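No experiment lies behind these values; they were computed from the predicted model shown. Lettering follows sequence order; numbering is per chain, from 1.
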Amino acid sequence: MQLTNRPPLRGALSALTAALLGTGAAASEGRNRVESSILLYSEVDRVQAAEAIIGLGRALKGDRMLSARLTLDGLTGASPNGATPSARVQTFTRPSGEGGYSVKPGEIPLDDTFKDTRYSFDGSLAQPLDRLTTIVLGAHYSGEHDYTSLGASVGLSRDLNRKNTTLSASAAYSRDRVRPEGGPPDPLSSMSARADDDDDDDAGERELAAQDDDGDDDDDEDRESDAGEGKNVYDVVFGLTQVLNRQTVLRLNYSYNHSSGYLNDPYKIVSVVQGPGGPDAGEPVDYLYEARPDGRAKQAVFAQLRRYLSGHTIDLSYRYFWDDWGVTSQTVELFYRLPVKAGHALQPHVRWYRQTEADFYRVFLVEAAPAPAHASADYRLAPFHAVTAGLQYLFPVGQGVQVSLGGEYYHQAGDISPPRSMGVLSTYELFPDMDAVMVRAGFDYEF
Amino acid sequence: MNSKAAPECSVRKGGSHWTISFSAMASPCEILIRCRRRSEAEHVASLAAAETRRIERKLSRYRDDNIIHAINAGTGAAVEVDDELARLLTYADQCYRLSGGLFDITSGVLRRAWKFDGSTASPDRDLIESLLGRVGWEKVEWDGRRLRLQPGMEIDLGGLGKEYAADRAADLAFRASGAPLMANFGGDIRALSADPDSPPWVVGIEDPLREGTAVGRIDLSNGGVATSGDARRFCLVEGVRLGHILNPRTGWPVADAPRSVTVLGDYCVEAGFLATLAMLHGRAAEDFLAGEKVPYHCIR
Amino acid sequence: MRRLRFFVLSAGAFALAAVLSGCAAVGVQVWERDVLSKPEMQMDSHALDRALDDHIYFSKEASSGGRSFGGGGCGCN
């Protein structure tokens, strides 16, 4: 019998069939997606926050994907204002300039007027340019009573090596505006001096308003003090995603972020304390508004590995961060997904974090010492480490809905060494250690 | 769980596995799955039945409310298709080329010249000639998104439909449960397993002349099985038995095709394509399959 | 920390070079994507959760970036 002289089809056929079946996605008949998540965050004795996000996604003709996300969050409570504890009662002026608040002896001062609601909107459109390349355009807007941000982004990704490798590059720009209550304070100016000035200013303005009839000049002056301070932020991220084998994917990212403009936290102060040698060494004599540089360049490298192992999924990631303010940090995060029954899974999660301090971080300034160019006592620029531990339960409901419920515990502990304290301060905690509990619930519906 | 799929779907325990049964595509459809709980099997049942019926509704040429009807009723206008149908048509296009034109989804109209009920036929040659004018994938305009048939042409995805449904249902079921399973849609089979310790499913190859008796056996953990045969659908022309698979170039069934061809591949769709192509090689069916280096079983 | 930074960058660059050069040899065939297509293996799964995490950590820590953009768009840092 004559053997066929046509080359075997099998190889090509396998590949074609795999392509026919292998996309894995459910048949697309107008793919839509709604997802939502709510997070309740509560620090012991400090800030409470609630955050809700709702996201919508829709596949459009031509394989385009449109998505929109709306975020609402509200926070309230007390946050450290940067001052150090004292053996005596301390009084601080409220950011708005009206009235003040007191702090008991020995306690880390917390500004309890912290209250804000923020809304933000993110939209993006992903458009395939060809079978292997996609471009994504994004827009962002967010607003809170003293801060607004408007930005845009563009990203490009390309698949190589039978889609085993994906290279991506994206860039974003945003323009932010800070309008602190009472206007932005002069950096390194005294808090008490400002309280007096504010009173004078207010009286002065009221006089002017009474005298001026046509109101045009008033509007101009108001607009000037309301204009606030600006900030420009540029961002680029380069990424590589690589399939290592049937069960493992690796992702590597490099990101660079540069911001310039007003980078101070207008509500944070630095205590000026008495020098060593006297009975009141370490006691505050004045409070200065912080001063940070007007530019910051941040960089980070990130690696993430996700592996599937007999039904379990492990996700391990590492990030190394550094910036030109002297801060460096390392973050390790692990997620472990264990299926418990059909569609249900338990996912424990841990995160370790450690950061070093900014060059201009000062626990306090010493009276009569030469004033530095920049100083901040914001605990977020201090050296500390933090741990998060959490557990999430994931399960399906009905057809196409995935629900997740979870709780987490977050703990921050300072790494400020004792020799840095002075006099009476050596008896106090200088870093506001923090414990927070988070509860979250979310759902994801594809239809 | 979806109440839409539940009524015509049954889940029974049998030995170390659950048996899910429902009927679709004019066949009894079964999925055997080694998951632990009934609730898992029921969840899989509703997913698989819903998917199979969705595919049937979408690809059936007997309906007047789907895209196939719109394409076939068209008078030469181009029709834009969705992602899934685009993939199927691209596959059909590539199979047409791979098979040298023997696999052709526009050849369905030729069935109008034949009746395969076992009776003696005297085919109308003029009818076949005129029908041939309406056959030929090369006459179709397909750009990966839009399809334009010449007036009078029709596409028929019946040759792919059941195997595709078996592959898709098995895939969905496997991703939902992770348990070893085998979908058997009237002889079009796909098995999936990620557990090397799970024993293979035993598939019997039926003797075409003696229903219910097996002449061969396949041990299947992963892969697809499809059978093409003319044991029940044939006609007699001048005393010669001819099967129901028509050669799209001649309009006639193939002479000397095996009674039954069973092929084992990685996917059911792939196995089905090779089985059909083997039948079209008639006398050279076994040689063709040997050249493709696939496990097969031919019965003459 | 400078030495660590140098080490991390070099290790990263080396890994990147190794990955890119070996890319064509590493990976799976189209029909071996069964596990990779599972929802829990999608790198962008739980995007909302990660966005919430990023926002919390951005307002409580000095670092940002990694998974995606380097942060911003709110008055918290």
Side-chain angles (χ1 to χ4, degrees), chain A residues 14-15 18-19 22 24 35 37 39 41 51 53 55 118 120 140 142 144 146-147 149 151 160-162 164-165 172 174 178 233 235 237 240-247 249 251-253 255 257 298 300-302 306 308 313 319-322 327-329 331 337 353 355-356 380-381 440 442, chain C residues 1-2 4-5 7-9 11-13 15-16 18-20 22-53 55-77:
Chain A
S14 277
E35 38 179 356
S37 203
L39 171 74
Y41 173 91
E51 192 162 342
I53 307 186
R118 183 183 76 113
S120 86
H140 165 86
S142 77
E144 36 196 300
D146 58 358
Y147 197 102
S149 169
L160 312 163
N161 299 327
R162 290 160 303 166
N164 283 307
T165 310
S174 78
V178 193
V233 184
D235 233 317
V237 183
L240 166 75
T241 307
Q242 174 69 43
V243 171
L244 297 183
N245 58 41
R246 232 178 105 239
Q247 300 106 328
V249 189
R251 174 186 272 181
L252 299 172
N253 276 354
S255 56
N257 170 299
K298 306 191 254 188
V301 288
F302 173 80
R306 190 171 295 197
Y308 183 86
T313 314
R319 172 186 65 182
Y320 180 73
F321 167 96
W322 71 101
V327 179
T328 61
S329 78
T331 315
R337 184 184 187 276
Y353 177 82
Q355 73 174 45
T356 63
R380 292 170 302 186
L381 295 173
R440 71 175 90 188
Chain C
M1 263 311 183
R2 280 203 195 277
L4 177 61
R5 181 184 315 178
F7 171 75
V8 170
L9 276 181
L16 187 67
V19 168
L20 280 177
C23 266
V26 174
V28 296
Q29 300 296 330
V30 174
W31 55 85
E32 291 176 298
R33 288 188 168 267
D34 52 341
V35 169
L36 298 171
S37 64
K38 284 174 180 288
E40 59 264 33
M41 284 301 284
Q42 304 312 305
M43 288 301 228
D44 297 320
S45 60
H46 297 291
L48 288 202
D49 276 341
R50 299 292 77 80
L52 287 170
D53 287 346
H55 189 230
I56 300 275
Y57 295 126
F58 178 74
S59 56
K60 294 284 147 195
E61 298 170 352
S63 324
S64 57
R67 255 177 247 276
S68 64
F69 283 126
C74 85
C76 28
N77 203 345

A:L381 and C:A62: which non-hydrogen atoms are nearest, and at how many Å?
CD2-CB, 4.2 Å

Does the A:R306 side chain pair with the main chain of C:E40, one donor and one acceptor, at a distance under 3.5 Å?
yes

Is chain C contacted by the side chain of A:Y308, its backbone, both, or neither, given a heavy-atom distance below 4.5 Å?
both

For residues C:V28 and A:R246, report the shortest heavy-atom separation together with the two atoms involved.
CG1-N, 3.4 Å

Are side-chain heavy atoms of A:Y41 and C:K60 found at a separation under 4.5 Å?
yes

Are C:D44 and A:R251 side-chain neighbours, meaning at least one heavy-atom pair lies under 4.5 Å?
yes

Going by heavy atoms in the side chains, are C:V26 and A:L244 under 4.5 Å from each other?
yes

To the nearest 0.5 Å, atom CZ of C:R67 lies from atom CG of A:N253 at 9.5 Å

Is it the backbone or the side chain of A:S37 that comes under 4.5 Å from a heavy atom of chain C, or both, or neither?
both

Assess the residue pair C:S64 and A:K298 against the criterion (side chain to side chain contact (heavy atoms under 4.5 Å, CB included)); give the C-alpha distance rounded to whole Å, side-chain angles, the decisive distance to 0.1 Å, and a yes or no.
CA-CA 8 Å; C:S64 57; A:K298 306 191 254 188; 2.9 Å; yes

So which part of A:Q355 gets closer than 4.5 Å to some heavy atom of chain C, the side chain, the backbone, both or neither?
side chain

Closest approach of C:A51 to A:I53 (non-hydrogen atoms, all atoms of both residues):
CB-CD1, 4.4 Å

Taking all atoms of both residues into account, what is the closest heavy-atom pair of A:S255 and C:G66, and its distance?
OG-N, 3.7 Å

May I ask you to test the A:R440-C:D53 pair for a side-chain heavy-atom distance under 4.5 Å?
yes

Looking at A:Y353, A:Y320, A:W322, which one forms a side-chain contact (heavy atoms from CB on, under 4.5 Å) with C:S63?
A:Y353

Just checking, any donor-acceptor pair under 3.5 angstrom between side chains of A:R337 and C:S45?
no

Do A:T331 and C:Y57 get their side chains close enough for a donor-acceptor pair, meaning under 3.5 Å?
no

Counting only non-hydrogen atoms closer than 4.5 Å, does A:V249 touch chain C with its backbone (N, CA, C, O), its side chain (CB onward), both, or neither?
both

Closer than 3.5 angstrom, by distance alone: can the side chain of A:R380 be matched with the main-chain N or O of C:S59 as a donor-acceptor pair?
yes

Which atom of A:N245 lies closest to which atom of C:L36, heavy atoms considered
O-CD2, 4.1 Å

